[in-house]
Amino acid sequence: MPDNSAAKYRRVSLLFAVSALICLPFANLNINTLDPWTELGQIGYGFLTPDFSNPALLLEALGKTLAFAFQGVMLGVIFGLLLALFYQKTIVRQFSAFIRAIHEIFWALIFIQITGLSSATGVLAIAIPYTGIFAKIFGELLSEVDHKPLNAIVKNTKTLNSTLFIRLPLAWKHIKTYTCYRLECGIRSSAILGFIGLPTLGFHMETFYKQGMYDQGAAILYVFFLLIGTSRFWLKSKLIPLYVLASFWLLPWSSYGDWSLLMRFITEDIVPAPLKQPDLTLTEKLHALGSWGAHRWHNEIMPGILNTVVLSQISLIFTGVISLILFPWISHHFLNKLGRASGNTVLVVARSTPEYLLAFIGLLIFGPSMLPGILALALHNGAIVAHLIGLYSQSIKLRDDASSGLNRYFFEILPRIYRQFLAFLLYRWEVIMRETAILGILGIPTLGFYIDSAFEEIRFDRAILLILVAALLNILVDQIATWSRTRLHIQHRPESL
């Protein structure tokens, strides 16, 4: 790589490292359980002795998890594709960025207030952010197709017609591939929605772990691993329409709940409390609104943002460290076939387990602090980046007399993969920030903690304000990451992120 590029990569790496060091004194890394090793031993024993004695419960939870995922992703694909046709318009890009910046769990907490624990809550919680994700990816895929066929058509042909009949067919193969990948992500999202009460695998997992029934909780987790681990065998594009039809048998339209509270939620519940005081003049309402906003800022927004940034920046650095340590485990430049198979198994488990679930288990072991969140985010995202970097390293060809061991790692492979490593890490930055916010629901004092508290106290105006703040924070990080990739000339988009 050119010297000036190498200098840029070093500066960016140093900047992130320094930001994490600055954040470290503000992080609560205490272990708040009396005997974490005993708890860890009990959880480990549960993993060694899983209890599959209730197959009916496992099958029902599995079916509901898949049904929420397929219906939610199906709606996301439909509306995301419609938005992608007009993705060149600024308003469409901004709208897509906004809806995908709000986590599925936050969408679910909103819809629970309107439709309760109905099918609509889970399906729409997945469909809305996935619409924004599909709009972005599909829009980029449509813009990246071969331009030769476009140059051959009549110049005054309408843009929409050229997109539908030329761009879309050319990009269709990549669209199908990405949709299958997102279905796997949708299954993980569906499972996590169980932690807020929906009848998916996560609901039963949380119940068993909270009751100390680790053997039954392990059985649920193994079913989840089996589901994700075998997805490449059963998640075929030709079978997806059949799966979607089957999902409506498990979650029929009749289970989509009562929408009678929607207008009240929009016109009353989320309106800031000072504006609903009938005995105040407009000037007094505005003054009260300012005081209300200032109180929110000092007591919820500012500490929530601070903790979210602290947790995400430390997690980002540990994600990078873990990925650089783990990627040789699946690279033929370092291990033989048996070693790579073992390493790949570890990475599959780590990247298949959602951060929320890892943090939940970490809280059982270490108690409420930022430590479980950092470990969960770093392990999950580090495994994803390590997997991608390991695959990328396979394409590197070495000389016959290339060095081995640590010299091969530091002087042959690392300099060649570092540019791509930074690209993957920057793409995960916004994801880490997004996931950090929702970890507050587990008691870690990020923005999600204050959002969940507001919902529990039926303070919907506060909850919506905090959700908007979380969305804007995610959009800001996404913009910074995009700018950084542009400056570093690492624009290649890894579709499996």
message: With a 3.5 Å distance limit and no angle check, can you tell me whether Ser323 reaches the backbone of Gly382 through a side-chain donor-acceptor pair?
response: no

message: If you define the side chain from C-beta out and look only at heavy atoms, does anything of Phe68 sit under 4.5 Å from Pro199?
response: yes

field: Check: Gly194 main-chain N/O paired with Thr200 side-chain donor or acceptor under 3.5 Å
entry: yes

- prompt: To the nearest 0.5 Å, how far apart are CD in Glu39 and CG in Leu364?
  reply: 6.0 Å

- line: In terms of heavy-atom contacts, Ala218 and Gly46 come closest through CB-O, 3.3 Å

- prompt: Do Trp429 and Phe16 make the cut of ring centroids closer than 6.0 angstrom?
  reply: yes

field: Euclidean distance, Leu466 CG relative to Ile305 CD1, rounded to 0.5 Å
entry: 9.0 Å

- request: Classify the angle between the aromatic ring planes of Phe195 and Tyr356 as parallel (below 30°), tilted (30 to 60°) or perpendicular (above 60°).
  value: perpendicular

- prompt: For Phe318, does the CZ atom have more than 12 heavy-atom neighbours from other residues, nucleotides or ligands under 6.0 Å away?
  reply: no

query: Hey, is Arg232 close enough to Glu184 for a salt bridge, meaning N to O under 4.0 Å?
result: no

- prompt: Aromatic rings Phe106 and His103: how do their planes relate, parallel, tilted or perpendicular, breaks at 30° and 60°?
  reply: perpendicular

query: Can you name the ring pair (Phe, Tyr, Trp, His ring centres under 6.0 Å) partners of Tyr243, sequence neighbours left out?
result: Phe70, Trp234

- request: Evaluate whether atom CG of Leu48 has more than 12 neighbouring non-hydrogen atoms of other residues, nucleotides or ligands under 6.0 angstrom away.
  value: yes

- prompt: Can you check whether Ile228's main-chain N or O pairs, donor with acceptor, with Ser231's side chain at less than 3.5 Å?
  reply: yes

message: Tell me whether Ser331 contacts the main-chain N or O of Phe327 through its side chain, where contact means a donor paired with an acceptor under 3.5 Å.
response: no

field: Donor-acceptor contact present, side-chain Thr446 to main-chain Asn307, <3.5 Å
entry: no

4.5 Å side-chain heavy-atom contact, Glu412 and Asn407: no

message: Would you compute the distance between atom CG of Leu311 and atom CG of Leu371 and round it to the nearest 0.5 angstrom?
response: 10.0 Å

message: salt bridge (Lys or Arg N to Asp or Glu O under 4.0 Å) for Arg434 and Glu355? Distances and angles first, verdict last.
response: CA-CA 11 Å; Arg434 188 169 175 266; Glu355 302 99 314; over 6 Å; no

query: Between Gly304 and Thr308, what is the shortest heavy-atom contact and its length?
result: O-OG1, 2.7 Å

- request: Establish, yes or no, whether the cationic atom of Arg182 lies under 6.0 Å from the six-membered ring centre of Phe134 and within 45° of the ring axis.
  value: no

- prompt: Which pair of non-hydrogen atoms, one from Gly373 and one from Ser315, has the smallest distance, and what is that distance?
  reply: O-OG, 4.3 Å

- prompt: Measuring from Leu388:CG to Tyr392:OH, what's the distance to the nearest 0.5 Å?
  reply: 12.0 Å

- request: Rounded to the nearest 0.5 Å, what's the gap from CG on Asp452 to CD1 on Ile105? Could you check?
  value: 9.5 Å

task: Verify, without hydrogens or angle tests, whether Gln394 (side chain) and His332 (backbone) share a donor-acceptor contact under 3.5 angstrom.
output: yes

message: Side chains of Lys64 and Leu62, heavy atoms from C-beta outward: is any pair under 4.5 Å?
response: no

query: So does Arg296 pair up with Glu300, basic N to acidic O under 4.0 Å?
result: yes

- prompt: With distance as the sole criterion, is a donor-acceptor pair present between the side chains of Thr482 and Arg485 under 3.5 Å?
  reply: yes

- prompt: Should Ile126 and Ser190 count as side-chain neighbours, where that means a heavy-atom distance under 4.5 Å?
  reply: yes

- prompt: Any idea which heavy atoms bring Tyr450 and Pro445 closest together, and the distance?
  reply: CE1-O, 4.0 Å

Whether over 12 other heavy atoms sit under 6.0 Å from Phe225 CZ: yes

task: Taking all non-hydrogen atoms of both residues into account, name the closest pair between Ala402 and Arg408 and its distance.
output: O-NH2, 4.0 Å

field: Contact check, side chains of Leu377 and Leu439, non-hydrogen atoms, under 4.5 Å
entry: yes

task: State, to 0.1 Å, how close His204 and Ala61 come at their nearest heavy-atom pair, and which atoms those are.
output: CD2-CB, 3.4 Å

- prompt: Measuring from Ile317:CD1 to Ser13:OG, what's the distance to the nearest 0.5 Å?
  reply: 8.0 Å

Within-4.5 Å side-chain heavy-atom neighbours: Leu29 and Ile374: yes

task: Anything under 30° is parallel, anything over 60° is perpendicular, the rest tilted; go ahead and classify Tyr209 against Tyr214.
output: tilted

Residue pair Phe334 / Arg340, side-chain heavy-atom distance below 4.5 Å: no

- prompt: According to the interplanar angle, ranging from 0 to 90°, do the rings of Phe421 and Tyr418 count as parallel (below 30°), tilted (30 to 60°) or perpendicular (above 60°)?
  reply: tilted

- prompt: Is the closest side-chain heavy-atom distance between Ile444 and Phe449 below 4.5 Å?
  reply: no

task: State whether the side chain of Asp478 and the backbone N or O of Asn474 hold a donor-acceptor pair below 3.5 Å, judged by distance alone.
output: no

message: Can you tell me if Trp329 has over 12 outside heavy atoms packed within less than 6.0 Å of its CH2?
response: no

message: Would the distance check show the side chain of His380 and the main-chain N or O of Thr353 forming a donor-acceptor pair, the cut-off being under 3.5 Å?
response: yes

task: State which residue, out of Ile365, Thr38, Asp215, fulfils the side-chain contact (heavy atoms from CB on, under 4.5 Å) condition with Ile43.
output: Ile365

- prompt: Within the side chain of Asn28, is there an N or O that forms a donor-acceptor pair under 3.5 Å with the backbone of Asn30?
  reply: yes

query: Is the backbone N or O of Ile112 less than 3.5 Å from a side-chain atom of Thr115, with the two atoms forming a donor-acceptor pair by type?
result: no

- prompt: Gln42 and Trp37: side-chain donor and acceptor closer than 3.5 Å?
  reply: no

field: CZ (Phe52) with more than 12 external heavy atoms under 6.0 Å
entry: yes

